[in-house]
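Let me begin by presenting the structure, written as C-alpha coordinates, before commenting on it.
Only this structure's heavy atoms are used, side chains among them; waters, hydrogens and symmetry mates stay out.
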Amino acid sequence: MRDDAMDESGLILGRITDTDIAMMRARIGTPNPTLRKGYLTTPWNTVCSADAIRQLAECTGDMNPLYNDEDHARASRWGVPVAQPGFEWSTGYDRNPIVSEDLYRRTHKALRGVQLYHSGAEYVYYAPITEGTRLYKSEVLANVTEKESRFANRSVLVDNETCWWDAEDRVHVTSNRWFVHAERRNLSAEEKAEKRAKPKVELGHYNDDAIAEIEAAYDAEYIRGTDTLYLEDVTIGQELPRMVKGPLTITDMINIHMGAGWLTYGNPPYRLAYENRKRLRGFYSRNESNYWDTVQRVHWDPELARKVGVPHVYDIGPMRFFMICHYVSNWAGDDAFVHRIRYELRNFNYMGDVTWLTARIADARVDDKLGPLVELEITGTNQRGETNINAKATILVASRQTGLAKLPEPPAVTPHRRLEA
(Lines give C-alpha, C1' and ligand atoms only; values in the text may rest on other atoms or scores of the structure.)
Protein backbone atom coordinates (compact mmCIF):
# COMPACT_ATOMS: atom_id res chain seq x y z
CA MET A 1 0.00 0.00 0.00
CA ARG A 2 1.16 3.55 -0.72
CA ASP A 3 1.16 6.15 2.06
CA ASP A 4 1.06 9.28 -0.13
CA ALA A 5 -0.16 12.43 1.58
CA MET A 6 -2.67 14.80 0.06
CA ASP A 7 -3.00 18.50 0.82
CA GLU A 8 -6.31 20.31 1.29
CA SER A 9 -6.56 21.03 -2.46
CA GLY A 10 -6.27 17.37 -3.38
CA LEU A 11 -2.68 17.73 -4.59
CA ILE A 12 -1.01 14.36 -4.02
CA LEU A 13 2.31 14.61 -2.19
CA GLY A 14 3.97 11.42 -3.34
CA ARG A 15 7.13 9.88 -1.95
CA ILE A 16 9.82 8.01 -3.87
CA THR A 17 10.23 4.53 -2.43
CA ASP A 18 12.24 1.46 -3.40
CA THR A 19 8.96 -0.02 -4.55
CA ASP A 20 8.34 2.95 -6.87
CA ILE A 21 11.74 2.54 -8.48
CA ALA A 22 11.20 -1.19 -8.91
CA MET A 23 7.77 -0.55 -10.47
CA MET A 24 9.26 1.96 -12.91
CA ARG A 25 12.03 -0.44 -13.90
CA ALA A 26 9.45 -3.15 -14.49
CA ARG A 27 7.91 -0.85 -17.11
CA ILE A 28 11.07 -0.55 -19.24
CA GLY A 29 10.10 -1.27 -22.85
CA THR A 30 6.49 -0.22 -22.20
CA PRO A 31 4.82 3.20 -21.79
CA ASN A 32 5.91 5.31 -18.81
CA PRO A 33 3.04 5.33 -16.28
CA THR A 34 3.86 8.97 -15.34
CA LEU A 35 3.41 10.20 -18.94
CA ARG A 36 -0.01 8.70 -19.54
CA LYS A 37 -2.49 10.09 -22.02
CA GLY A 38 -5.97 10.80 -20.74
CA TYR A 39 -9.13 11.22 -22.77
CA LEU A 40 -7.39 12.75 -25.79
CA THR A 41 -5.60 10.17 -27.93
CA THR A 42 -5.93 11.52 -31.50
CA PRO A 43 -2.83 13.52 -32.51
CA TRP A 44 -3.17 17.31 -32.72
CA ASN A 45 -2.22 17.06 -36.41
CA THR A 46 -3.38 13.76 -37.90
CA VAL A 47 -1.39 14.46 -41.06
CA CYS A 48 1.25 17.00 -42.03
CA SER A 49 -0.18 19.91 -44.04
CA ALA A 50 0.92 23.34 -45.20
CA ASP A 51 -1.55 24.88 -42.74
CA ALA A 52 -0.27 22.82 -39.79
CA ILE A 53 3.34 23.75 -40.59
CA ARG A 54 2.47 27.44 -40.89
CA GLN A 55 0.42 27.46 -37.71
CA LEU A 56 3.28 25.93 -35.70
CA ALA A 57 5.68 28.47 -37.17
CA GLU A 58 3.37 31.34 -36.25
CA CYS A 59 2.85 29.98 -32.75
CA THR A 60 6.59 29.66 -32.09
CA GLY A 61 7.39 33.12 -33.44
CA ASP A 62 9.14 31.75 -36.55
CA MET A 63 9.09 33.94 -39.70
CA ASN A 64 11.13 31.53 -41.85
CA PRO A 65 9.46 31.54 -45.31
CA LEU A 66 10.21 27.81 -45.73
CA TYR A 67 7.52 27.14 -43.11
CA ASN A 68 5.22 30.13 -43.67
CA ASP A 69 5.01 30.41 -47.45
CA GLU A 70 3.68 27.35 -49.27
CA ASP A 71 4.89 28.58 -52.67
CA HIS A 72 8.38 29.21 -51.27
CA ALA A 73 8.50 25.65 -49.91
CA ARG A 74 7.35 24.15 -53.23
CA ALA A 75 10.16 26.02 -55.01
CA SER A 76 12.77 24.62 -52.59
CA ARG A 77 14.81 21.44 -53.02
CA TRP A 78 12.03 19.57 -51.16
CA GLY A 79 9.36 20.39 -53.75
CA VAL A 80 6.54 20.36 -51.18
CA PRO A 81 5.74 22.06 -47.85
CA VAL A 82 8.23 20.69 -45.31
CA ALA A 83 7.89 20.80 -41.53
CA GLN A 84 10.34 22.38 -39.12
CA PRO A 85 12.21 20.30 -36.50
CA GLY A 86 9.88 19.84 -33.54
CA PHE A 87 6.75 19.37 -35.67
CA GLU A 88 6.84 15.69 -34.78
CA TRP A 89 5.46 16.46 -31.32
CA SER A 90 2.21 17.68 -32.85
CA THR A 91 1.59 14.44 -34.73
CA GLY A 92 1.87 10.66 -34.63
CA TYR A 93 -0.85 8.09 -34.05
CA ASP A 94 -0.32 6.18 -30.81
CA ARG A 95 1.24 2.79 -31.39
CA ASN A 96 2.61 2.27 -27.89
CA PRO A 97 2.89 -1.39 -26.89
CA ILE A 98 0.00 -2.71 -24.84
CA VAL A 99 0.62 -3.07 -21.10
CA SER A 100 -0.75 -6.35 -19.76
CA GLU A 101 -3.45 -6.16 -17.11
CA ASP A 102 -1.14 -7.75 -14.56
CA LEU A 103 1.74 -5.33 -15.23
CA TYR A 104 -0.64 -2.37 -15.22
CA ARG A 105 -2.15 -3.41 -11.90
CA ARG A 106 1.30 -3.80 -10.31
CA THR A 107 2.87 -0.60 -11.67
CA HIS A 108 0.36 2.09 -12.68
CA LYS A 109 0.82 4.07 -9.44
CA ALA A 110 4.61 4.28 -9.72
CA LEU A 111 5.85 7.73 -8.62
CA ARG A 112 2.25 8.88 -8.21
CA GLY A 113 2.13 12.44 -6.92
CA VAL A 114 5.86 13.00 -7.37
CA GLN A 115 6.65 16.26 -9.16
CA LEU A 116 8.45 15.85 -12.49
CA TYR A 117 10.56 18.33 -14.45
CA HIS A 118 11.66 18.03 -18.05
CA SER A 119 15.47 18.21 -18.03
CA GLY A 120 16.50 17.67 -21.66
CA ALA A 121 16.36 15.48 -24.73
CA GLU A 122 18.08 14.34 -27.89
CA TYR A 123 16.34 14.18 -31.27
CA VAL A 124 17.71 12.51 -34.40
CA TYR A 125 16.07 13.28 -37.76
CA TYR A 126 16.33 10.93 -40.74
CA ALA A 127 13.75 12.17 -43.24
CA PRO A 128 11.79 15.41 -43.63
CA ILE A 129 8.15 15.44 -42.57
CA THR A 130 6.40 16.75 -45.66
CA GLU A 131 2.87 17.59 -46.74
CA GLY A 132 0.67 14.50 -46.71
CA THR A 133 2.89 12.48 -44.35
CA ARG A 134 1.00 10.51 -41.71
CA LEU A 135 3.18 9.33 -38.83
CA TYR A 136 2.86 6.70 -36.11
CA LYS A 137 4.56 6.96 -32.75
CA SER A 138 5.69 4.75 -29.89
CA GLU A 139 7.13 6.11 -26.64
CA VAL A 140 8.47 3.73 -24.01
CA LEU A 141 10.41 3.94 -20.79
CA ALA A 142 14.09 3.24 -21.51
CA ASN A 143 15.99 3.72 -18.23
CA VAL A 144 15.52 4.69 -14.56
CA THR A 145 18.38 6.13 -12.50
CA GLU A 146 18.07 7.06 -8.84
CA LYS A 147 19.68 10.27 -7.58
CA GLU A 148 20.02 11.75 -4.10
CA SER A 149 20.43 15.37 -3.04
CA ARG A 150 22.59 16.71 -0.22
CA PHE A 151 19.47 16.82 1.98
CA ALA A 152 18.79 13.12 1.25
CA ASN A 153 15.44 13.71 -0.47
CA ARG A 154 15.20 11.25 -3.31
CA SER A 155 14.89 11.98 -7.00
CA VAL A 156 14.83 9.80 -10.08
CA LEU A 157 16.00 10.49 -13.63
CA VAL A 158 13.81 8.74 -16.20
CA ASP A 159 14.73 8.32 -19.88
CA ASN A 160 11.89 7.96 -22.41
CA GLU A 161 12.56 6.68 -25.93
CA THR A 162 10.33 7.67 -28.85
CA CYS A 163 10.16 6.65 -32.51
CA TRP A 164 8.08 8.18 -35.33
CA TRP A 165 7.61 6.27 -38.60
CA ASP A 166 5.39 6.46 -41.68
CA ALA A 167 3.08 3.99 -43.46
CA GLU A 168 6.08 2.45 -45.27
CA ASP A 169 7.84 1.82 -41.93
CA ARG A 170 10.41 4.50 -42.68
CA VAL A 171 11.66 6.15 -39.50
CA HIS A 172 11.56 9.95 -39.64
CA VAL A 173 12.58 10.84 -36.07
CA THR A 174 13.81 9.19 -32.89
CA SER A 175 14.24 10.85 -29.51
CA ASN A 176 15.20 10.34 -25.89
CA ARG A 177 13.54 12.69 -23.38
CA TRP A 178 14.70 12.97 -19.78
CA PHE A 179 12.57 13.85 -16.76
CA VAL A 180 13.65 14.37 -13.16
CA HIS A 181 11.07 13.22 -10.59
CA ALA A 182 11.47 14.94 -7.22
CA GLU A 183 9.39 14.61 -4.05
CA ARG A 184 6.99 17.33 -3.02
CA ARG A 185 7.67 17.55 0.69
CA ASN A 186 7.96 19.82 3.70
CA LEU A 187 11.36 21.45 4.11
CA SER A 188 13.56 20.74 7.12
CA ALA A 189 14.63 23.61 9.38
CA GLU A 190 18.08 23.55 7.76
CA GLU A 191 16.59 23.74 4.27
CA LYS A 192 14.26 26.58 5.27
CA ALA A 193 17.18 28.55 6.67
CA GLU A 194 19.21 28.03 3.52
CA LYS A 195 16.28 29.03 1.35
CA ARG A 196 15.77 32.25 3.35
CA ALA A 197 19.47 33.06 2.96
CA LYS A 198 19.36 32.80 -0.82
CA PRO A 199 18.65 35.99 -2.77
CA LYS A 200 15.16 36.09 -4.22
CA VAL A 201 14.78 35.54 -7.94
CA GLU A 202 14.53 38.90 -9.66
CA LEU A 203 11.78 38.77 -12.24
CA GLY A 204 12.38 40.49 -15.54
CA HIS A 205 11.61 44.19 -15.69
CA TYR A 206 12.81 46.23 -18.66
CA ASN A 207 13.53 49.89 -19.15
CA ASP A 208 13.29 51.59 -22.53
CA ASP A 209 16.92 50.88 -23.41
CA ALA A 210 16.53 47.15 -22.67
CA ILE A 211 13.34 47.00 -24.73
CA ALA A 212 15.07 48.79 -27.61
CA GLU A 213 17.90 46.21 -27.50
CA ILE A 214 15.39 43.34 -27.64
CA GLU A 215 13.45 44.88 -30.50
CA ALA A 216 16.63 45.65 -32.45
CA ALA A 217 17.60 41.98 -32.12
CA TYR A 218 14.21 40.96 -33.48
CA ASP A 219 14.68 43.31 -36.43
CA ALA A 220 18.15 41.86 -37.09
CA GLU A 221 17.15 38.18 -36.81
CA TYR A 222 19.12 36.13 -39.33
CA ILE A 223 17.28 33.82 -41.77
CA ARG A 224 19.51 32.15 -44.37
CA GLY A 225 16.67 31.02 -46.64
CA THR A 226 17.74 30.20 -50.21
CA ASP A 227 21.41 31.17 -49.66
CA THR A 228 22.79 27.60 -49.64
CA LEU A 229 25.10 26.76 -46.74
CA TYR A 230 28.32 25.16 -48.03
CA LEU A 231 30.84 23.29 -45.92
CA GLU A 232 33.64 25.22 -47.59
CA ASP A 233 32.27 28.54 -46.32
CA VAL A 234 32.37 27.83 -42.57
CA THR A 235 35.20 27.96 -40.06
CA ILE A 236 35.57 26.02 -36.81
CA GLY A 237 35.21 28.45 -33.92
CA GLN A 238 33.09 30.86 -35.97
CA GLU A 239 30.53 32.79 -33.89
CA LEU A 240 27.01 32.79 -35.27
CA PRO A 241 24.31 35.50 -35.17
CA ARG A 242 22.51 36.15 -31.89
CA MET A 243 18.77 35.51 -31.55
CA VAL A 244 16.39 36.74 -28.86
CA LYS A 245 13.28 35.06 -27.44
CA GLY A 246 11.09 36.89 -24.95
CA PRO A 247 10.37 38.41 -22.55
CA LEU A 248 8.34 35.26 -21.90
CA THR A 249 4.60 35.76 -21.42
CA ILE A 250 1.58 33.59 -20.73
CA THR A 251 0.49 34.52 -24.26
CA ASP A 252 3.63 32.79 -25.59
CA MET A 253 2.64 29.63 -23.71
CA ILE A 254 -0.92 29.76 -25.06
CA ASN A 255 0.55 30.00 -28.54
CA ILE A 256 2.79 26.95 -28.18
CA HIS A 257 -0.25 24.85 -27.30
CA MET A 258 -2.25 26.39 -30.17
CA GLY A 259 0.47 25.35 -32.61
CA ALA A 260 1.60 22.00 -31.22
CA GLY A 261 -1.30 20.81 -29.07
CA TRP A 262 -0.82 19.59 -25.51
CA LEU A 263 2.43 17.76 -26.43
CA THR A 264 2.44 15.14 -23.65
CA TYR A 265 -0.57 15.47 -21.37
CA GLY A 266 -4.00 16.39 -22.64
CA ASN A 267 -5.84 19.18 -20.82
CA PRO A 268 -9.21 19.58 -22.55
CA PRO A 269 -12.02 21.85 -21.23
CA TYR A 270 -15.47 21.40 -19.70
CA ARG A 271 -17.04 17.94 -20.16
CA LEU A 272 -13.81 16.58 -21.65
CA ALA A 273 -11.91 17.79 -18.59
CA TYR A 274 -14.29 15.75 -16.44
CA GLU A 275 -13.75 12.69 -18.64
CA ASN A 276 -9.99 13.29 -18.50
CA ARG A 277 -10.02 13.43 -14.69
CA LYS A 278 -11.65 9.99 -14.56
CA ARG A 279 -8.55 8.63 -16.27
CA LEU A 280 -5.89 10.87 -14.68
CA ARG A 281 -7.10 11.49 -11.13
CA GLY A 282 -3.63 12.34 -9.83
CA PHE A 283 -3.18 14.99 -12.49
CA TYR A 284 -5.83 17.26 -10.97
CA SER A 285 -6.14 19.34 -7.79
CA ARG A 286 -8.69 21.84 -6.54
CA ASN A 287 -8.25 25.47 -7.56
CA GLU A 288 -9.24 28.68 -5.74
CA SER A 289 -12.90 27.96 -6.64
CA ASN A 290 -12.59 24.53 -4.98
CA TYR A 291 -13.09 22.84 -8.34
CA TRP A 292 -10.73 20.47 -10.10
CA ASP A 293 -8.14 21.79 -12.53
CA THR A 294 -5.06 20.30 -14.17
CA VAL A 295 -1.84 20.45 -12.16
CA GLN A 296 -0.14 21.53 -15.39
CA ARG A 297 -1.38 24.98 -14.40
CA VAL A 298 1.83 25.07 -12.32
CA HIS A 299 3.09 26.87 -15.44
CA TRP A 300 0.55 29.70 -15.19
CA ASP A 301 -0.82 29.59 -11.62
CA PRO A 302 1.62 31.35 -9.22
CA GLU A 303 0.05 29.84 -6.10
CA LEU A 304 0.41 26.26 -7.34
CA ALA A 305 3.97 26.95 -8.52
CA ARG A 306 4.93 28.08 -5.01
CA LYS A 307 3.16 25.08 -3.51
CA VAL A 308 5.38 22.66 -5.46
CA GLY A 309 8.49 24.61 -4.49
CA VAL A 310 9.07 26.93 -7.46
CA PRO A 311 9.04 30.68 -6.73
CA HIS A 312 7.29 31.76 -9.93
CA VAL A 313 5.40 30.35 -12.91
CA TYR A 314 7.66 29.14 -15.69
CA ASP A 315 7.71 27.77 -19.24
CA ILE A 316 7.12 24.21 -20.34
CA GLY A 317 10.41 22.58 -21.37
CA PRO A 318 9.46 22.07 -25.05
CA MET A 319 9.28 25.85 -25.47
CA ARG A 320 13.07 26.07 -25.18
CA PHE A 321 13.40 23.06 -27.48
CA PHE A 322 11.40 24.97 -30.09
CA MET A 323 13.71 27.97 -29.57
CA ILE A 324 16.67 25.77 -30.50
CA CYS A 325 14.80 24.32 -33.50
CA HIS A 326 14.05 27.86 -34.68
CA TYR A 327 17.63 29.05 -34.23
CA VAL A 328 19.17 26.06 -36.00
CA SER A 329 16.77 26.03 -38.97
CA ASN A 330 17.15 29.80 -39.45
CA TRP A 331 20.93 29.43 -39.72
CA ALA A 332 20.91 26.17 -41.73
CA GLY A 333 18.73 27.53 -44.54
CA ASP A 334 16.40 25.82 -46.98
CA ASP A 335 18.86 23.34 -48.49
CA ALA A 336 20.51 21.88 -45.36
CA PHE A 337 19.05 19.09 -43.22
CA VAL A 338 18.98 19.25 -39.41
CA HIS A 339 20.03 15.75 -38.35
CA ARG A 340 20.40 16.03 -34.57
CA ILE A 341 19.45 18.35 -31.71
CA ARG A 342 20.48 17.61 -28.13
CA TYR A 343 19.72 19.97 -25.26
CA GLU A 344 19.85 20.19 -21.50
CA LEU A 345 17.67 22.63 -19.57
CA ARG A 346 19.43 24.77 -16.97
CA ASN A 347 17.49 26.82 -14.41
CA PHE A 348 13.84 27.78 -14.72
CA ASN A 349 12.68 30.10 -17.49
CA TYR A 350 10.25 32.30 -15.55
CA MET A 351 7.54 34.50 -16.97
CA GLY A 352 9.22 37.77 -17.89
CA ASP A 353 12.59 36.19 -18.69
CA VAL A 354 14.44 36.89 -21.93
CA THR A 355 16.53 34.18 -23.59
CA TRP A 356 19.50 35.29 -25.70
CA LEU A 357 20.65 32.47 -28.00
CA THR A 358 24.27 32.43 -29.14
CA ALA A 359 26.23 29.72 -30.97
CA ARG A 360 29.59 28.76 -32.36
CA ILE A 361 30.73 26.21 -34.92
CA ALA A 362 32.33 23.37 -32.94
CA ASP A 363 33.23 21.21 -35.94
CA ALA A 364 32.94 21.11 -39.72
CA ARG A 365 33.95 17.99 -41.59
CA VAL A 366 33.07 15.29 -44.09
CA ASP A 367 31.75 12.33 -42.12
CA ASP A 368 32.27 8.83 -43.52
CA LYS A 369 28.55 8.00 -43.20
CA LEU A 370 26.75 11.34 -43.11
CA GLY A 371 28.83 13.34 -45.57
CA PRO A 372 29.50 17.09 -45.14
CA LEU A 373 28.25 18.36 -41.80
CA VAL A 374 28.54 21.18 -39.30
CA GLU A 375 28.32 20.79 -35.51
CA LEU A 376 26.98 23.70 -33.47
CA GLU A 377 27.18 24.49 -29.76
CA ILE A 378 24.31 26.73 -28.65
CA THR A 379 23.72 28.53 -25.35
CA GLY A 380 20.65 30.32 -24.02
CA THR A 381 21.30 33.02 -21.43
CA ASN A 382 18.68 35.04 -19.55
CA GLN A 383 18.75 38.70 -18.47
CA ARG A 384 20.24 37.67 -15.10
CA GLY A 385 23.25 36.20 -16.90
CA GLU A 386 22.19 32.62 -16.10
CA THR A 387 22.38 29.82 -18.65
CA ASN A 388 18.90 28.33 -19.15
CA ILE A 389 19.71 25.91 -21.97
CA ASN A 390 22.77 24.27 -23.52
CA ALA A 391 22.37 22.56 -26.87
CA LYS A 392 24.27 20.86 -29.66
CA ALA A 393 23.13 20.42 -33.24
CA THR A 394 24.36 18.46 -36.24
CA ILE A 395 23.46 19.94 -39.63
CA LEU A 396 24.03 18.07 -42.90
CA VAL A 397 25.16 20.68 -45.43
CA ALA A 398 26.05 21.07 -49.09
CA SER A 399 29.55 20.88 -50.52
CA ARG A 400 30.78 22.37 -53.75
CA GLN A 401 32.51 19.04 -54.31
CA THR A 402 29.51 16.72 -53.79
CA GLY A 403 26.35 18.85 -54.10
CA LEU A 404 23.42 19.17 -51.72
CA ALA A 405 23.23 17.41 -48.35
CA LYS A 406 22.20 13.76 -48.47
CA LEU A 407 19.63 12.31 -46.10
CA PRO A 408 20.95 9.83 -43.51
CA GLU A 409 20.12 6.13 -43.51
CA PRO A 410 17.22 5.56 -41.09
CA PRO A 411 17.27 2.84 -38.42
CA ALA A 412 14.71 0.06 -38.17
CA VAL A 413 11.39 0.91 -36.52
CA THR A 414 11.41 0.36 -32.77
CA PRO A 415 10.53 -3.18 -31.70
CA HIS A 416 8.50 -1.65 -28.86
CA ARG A 417 5.29 -0.99 -30.76
CA ARG A 418 1.95 -2.46 -31.63
CA LEU A 419 1.09 -2.88 -35.29
CA GLU A 420 -2.60 -1.94 -35.15
CA ALA A 421 -4.67 0.78 -33.53
Side-chain angles (χ1 to χ4, degrees), residues 2-4 12-37 89 96-97 99-100 103-104 106-124 137-164 173-185 187-188 191 263-265 282-283 295-296 298 308-310 314-318 320-321 324 340-349 380 387-392 411 414-417:
R2 297 186 60 90
D3 57 355
D4 299 328
I12 297 171
L13 307 175
R15 302 299 301 271
I16 298 174
T17 66
D18 291 345
T19 301
D20 280 291
I21 295 171
M23 285 193 290
M24 288 293 284
R25 288 176 174 155
R27 290 292 290 264
I28 289 174
T30 71
N32 183 337
T34 71
L35 298 178
R36 289 181 293 148
K37 291 288 186 184
W89 275 110
N96 289 346
V99 178
S100 70
L103 182 60
Y104 175 82
R106 291 188 289 111
T107 61
H108 76 283
K109 290 188 177 181
L111 297 177
R112 183 171 183 256
V114 177
Q115 186 71 25
L116 79 163
Y117 303 94
H118 180 44
S119 62
E122 181 171 42
Y123 293 80
V124 184
K137 178 177 75 170
S138 174
E139 182 172 26
V140 298
L141 196 156
N143 196 26
V144 180
T145 305
E146 184 178 3
K147 295 182 174 295
E148 192 168 283
S149 79
R150 55 186 289 261
F151 287 107
N153 57 305
R154 300 176 82 174
S155 63
V156 176
L157 177 64
V158 177
D159 177 9
N160 303 276
E161 185 177 275
T162 310
C163 181
W164 287 262
V173 190
T174 61
S175 79
N176 287 78
R177 291 194 299 160
W178 313 303
F179 289 85
V180 173
H181 297 250
E183 294 176 346
R184 303 173 182 133
R185 62 187 186 82
L187 299 179
S188 68
E191 288 171 304
L263 297 166
T264 297
Y265 303 103
F283 199 59
V295 296
Q296 192 166 336
V298 69
V308 302
V310 183
Y314 57 100
D315 69 348
I316 58 170
R320 277 175 274 174
F321 166 55
I324 299 298
R340 182 183 72 105
I341 293 175
R342 178 188 175 94
Y343 67 92
E344 295 181 2
L345 301 180
R346 294 284 184 265
N347 296 299
F348 286 99
N349 190 29
T387 298
N388 65 27
I389 188 168
N390 285 322
K392 296 181 179 180
T414 176
H416 305 296
R417 63 164 174 164

- Can you say whether the rings of Tyr343 and His118 are parallel (under 30°), tilted (30 to 60°) or perpendicular (over 60°)?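 Tyr343 and His118: perpendicular rings.
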With a 4.5 Å heavy-atom cut-off, do [X] and [Y] have their side chains touching?
{"X": "Met23", "Y": "Arg106", "result": "no"}
{"X": "Trp89", "Y": "Val173", "result": "no"}
{"X": "Arg154", "Y": "Arg15", "result": "no"}
{"X": "Arg27", "Y": "Asn32", "result": "no"}

Which atoms form the tightest heavy-atom contact between [X] and [Y], and what is the distance?
{"X": "Val144", "Y": "Met24", "answer": "CG2-CB, 3.9 Å"}
{"X": "Pro411", "Y": "Thr174", "answer": "CG-CG2, 4.4 Å"}
{"X": "Phe179", "Y": "Leu35", "answer": "CE1-CD1, 4.0 Å"}
{"X": "Asn96", "Y": "Pro31", "answer": "CB-CG, 3.6 Å"}
{"X": "Val180", "Y": "Leu157", "answer": "CG2-CD1, 3.9 Å"}
{"X": "Ile324", "Y": "Ala391", "answer": "CD1-CB, 3.8 Å"}

Nearest 0.5 Å, what's the [atom1]-[atom2] distance between [X] and [Y]?
{"X": "Leu345", "Y": "Phe321", "atom1": "CG", "atom2": "CZ", "value": "11.0 Å"}
{"X": "Thr34", "Y": "Leu141", "atom1": "OG1", "atom2": "CG", "value": "7.5 Å"}
{"X": "Asn390", "Y": "Arg320", "atom1": "CG", "atom2": "CZ", "value": "11.0 Å"}
{"X": "Tyr104", "Y": "Lys109", "atom1": "OH", "atom2": "NZ", "value": "9.0 Å"}
{"X": "Asn143", "Y": "Thr145", "atom1": "CG", "atom2": "OG1", "value": "4.5 Å"}
{"X": "His181", "Y": "Leu111", "atom1": "NE2", "atom2": "CG", "value": "5.5 Å"}

- Show your working on side chain to side chain contact (heavy atoms under 4.5 Å, CB included) between Val310 and Val298 and close with a plain yes or no. CA-CA 9 Å; Val310 183; Val298 69; 5.6 Å; no
- Applying side chain to side chain donor-acceptor pair (under 3.5 Å) to Asn349 and not counting sequence neighbours gives Asp315
- Task: Kindly write out the residues that satisfy side chain to side chain contact (heavy atoms under 4.5 Å, CB included) with Arg417, not counting sequence neighbours, or none if the list is empty.
- Result: Ser138, Trp165, Asp169, Val413, Thr414, Leu419
- Message: Would Lys392 and Glu122 count as a side chain to side chain contact (heavy atoms under 4.5 Å, CB included) here? Give the steps.
- Response: CA-CA 9 Å; Lys392 296 181 179 180; Glu122 181 171 42; over 6 Å; no
- Reference residue Thr264; test side chain to side chain donor-acceptor pair (under 3.5 Å); the match among Lys37, Arg177, Gln296: Arg177
- Query: Between the side chain of Arg25 and the main-chain N/O of Ala22, is any donor-acceptor distance below 3.5 Å?
  - Reply: no
